[in-house]
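Computed from heavy atoms alone, side chains included, the values below leave out hydrogens, waters and symmetry copies.
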Amino acid sequence: MMNDATLRKIDLNLLLAFSVLMQERNVSRAAERLLLGQPGLSAALRRLRETLDDELFVRVGRGLQPTPRALSIAPAIEDALSGIERAIRPPAAFDPANWHGEFRVGMCDNLESSFFGPLVARLRQQAPHARLVSVAFDRRDAARLLDEGAYDFSISVHDEPASWHVRAPLFEQASLCVYDSRHLKCAAPLSLKHFTSAPHVIVSIEGTISTNVDAALARLGHSRQIVATAPRFSALPTTLQAIPAIATVPESIARCMAQLHNLTISKPPFELPADPVTILYRRVDQADSRSVWLRRLTVGVVQDALAASGCTTGVSKDACCYDPPELAEAV
């Protein structure tokens, strides 16, 4: 068995020279393929002979004949060189038109209501053999589910990411009030008096009844009456059609509800901070062509869907592409 010192003498250039000589059986042709002069190739062959203690090639007429040792080691060297080539070869571009597989996206239900349908439609156009799966999640479990492979990425208001995740901005999500003006006789825009005197319905997965709206009201010295709490936004339209109440929800779903259920929307009568909606994905997927394509498609769908609903917020394209880090110059 070779010792470490012997192995260190055999570099990639020597193995490549051996491989080309096995194919060409001629020093001048092999040197031309390797972009080497014949003296350089002869020197490489001499080093390899000394290291392996075998002639490797003997001259027969104008060509070279490999020795039994050369023939025995050639398959392993070819496999090694092929493995290196596969490893460093640039990844193939993703072809959505011919791809058969499944895309999995995590979305909280208000964003799912706004973007899932348009995303399916766009996928059917550009990746007709693919299937889209939307995975429900609690934002507290977003990172864990991502690590477990539950989805390719999630769209939500995410917490600070781990070092092995990327959190890319998408858009700033403002809030709107939505209600049925046939029950709640208030003209838009709502006044603070109308807002605080009306019943309210909120969405809370945990069932809590205090939100950022209540914190903002408290700073103004006001409060509101919460009469119902639902775990999902899908319960709001029928609830607002049944009772005179207000729901303060993200703008994208508020506009969808207004269009689909003939509800009225209004800006809140006080300042509410916008929530940063982001895309969370694995850092190992940052340059993957399939993942980049899906993120780019999703960002485009979000931008078009927000504009179609009347939202004027800008959409960031930070998640669309990947710029390789600049490499430091060798010293």
Side-chain angles (χ1 to χ4, degrees), residues 107-115 138-139 155-159 169-278 302-303 305-316:
M107 290 193 222
C108 46
D109 65 330
N110 68 306
L111 298 175
E112 187 178 63
S113 298
S114 304
F115 307 131
D138 181 336
R139 58 180 285 186
I155 304 177
S156 184
V157 179
H158 295 106
D159 296 327
L170 191 54
F171 65 94
E172 294 292 319
Q173 179 173 257
S175 295
L176 288 179
C177 301
V178 59
Y179 59 97
D180 191 333
S181 58
R182 292 166 296 186
H183 291 305
L184 191 67
K185 304 297 184 179
C186 298
L190 291 170
S191 67
L192 183 58
K193 179 180 179 180
H194 283 145
F195 185 90
T196 54
S197 62
H200 288 261
V201 179
I202 67 170
V203 174
S204 172
I205 294 177
E206 302 88 355
T208 57
I209 59 172
S210 182
T211 69
N212 62 332
V213 174
D214 300 283
L217 282 173
R219 288 192 292 270
L220 298 173
H222 294 278
S223 62
R224 62 176 177 167
Q225 179 190 12
I226 296 173
V227 298
T229 299
R232 289 175 293 276
F233 287 89
S234 57
L236 291 183
T238 54
T239 304
L240 295 176
Q241 290 173 335
I243 63 172
I246 297 171
T248 305
V249 298
E251 181 182 12
S252 58
I253 192 171
R255 293 188 181 278
C256 285
M257 288 180 182
Q259 292 172 0
L260 293 174
H261 301 282
N262 194 27
L263 300 174
T264 300
I265 56 176
S266 169
K267 288 186 176 181
F270 50 91
E271 288 293 325
L272 279 176
D275 292 320
V277 176
T278 56
V302 168
Q303 185 174 33
L306 289 176
S309 70
C311 294
T312 58
T313 183
V315 176
S316 170

Aromatic centroids of His222 and Phe195 separated by under 6.0 Å: no
Between [atom1] of [X] and [atom2] of [Y], what distance do you get to the nearest 0.5 Å?
X      : Y      : atom1 : atom2 : value
Gln303 : Thr313 : CD    : OG1   : 10.5 Å
Ile265 : Leu190 : CD1   : CG    : 11.0 Å
Ile253 : Leu111 : CD1   : CG    : 8.0 Å
Ile202 : Ile246 : CD1   : CD1   : 13.5 Å
His194 : Cys177 : NE2   : SG    : 13.0 Å
Ser252 : Leu306 : OG    : CG    : 6.5 Å

Non-hydrogen side-chain atoms of [X] and [Y] separated by less than 4.5 Å:
X      : Y      : result
Lys267 : Pro189 : no
Asn262 : Arg182 : yes
Ser156 : Cys108 : yes
Asp275 : Glu172 : no

Nearest non-hydrogen partners of [X] and [Y], listed with the distance:
X      : Y      : result
Phe233 : Pro250 : CE2-CD, 3.7 Å
Ala308 : Gln259 : O-NE2, 4.2 Å
Asn212 : Leu272 : O-CD2, 4.0 Å
Ile226 : Thr229 : CG2-OG1, 4.1 Å
Ser114 : Ala305 : O-CB, 4.1 Å
Ser234 : Asp109 : N-OD2, 4.1 Å

Donor-acceptor under 3.5 Å ([X] side chain, [Y] main chain):
X      : Y      : answer
Arg139 : Val157 : yes
Tyr179 : Cys186 : yes
Gln241 : Leu236 : no

Surrounding [atom1] of [X] (heavy atoms of other residues, nucleotides or ligands, distance under 6.0 Å), is the total greater than 12?
X      : atom1 : answer
Leu220 : CG    : yes
Glu206 : CD    : yes
Arg232 : CZ    : no

Steps toward side-chain contact (heavy atoms from CB on, under 4.5 Å) verdict (His183, Ile243): CA-CA 7 Å; His183 291 305; Ile243 63 172; over 6 Å; no
side-chain contact (heavy atoms from CB on, under 4.5 Å) between Leu176 and Thr248, worked out: CA-CA 6 Å; Leu176 288 179; Thr248 305; over 6 Å; no
Residues which pass side-chain hydrogen bond (donor to acceptor under 3.5 Å, both in side chains) with His158, listed by chain and number, not counting sequence neighbours: Ser154, Thr278
Residues which pass side-chain hydrogen bond (donor to acceptor under 3.5 Å, both in side chains) with Ser181, listed by chain and number, not counting sequence neighbours: Thr264
side-chain contact (heavy atoms from CB on, under 4.5 Å) evaluation trace for Val227 with His200: CA-CA 6 Å; Val227 298; His200 288 261; over 6 Å; no
Any side-chain donor near an acceptor of the partner, Asn110 and Ser113, under 3.5 Å: no
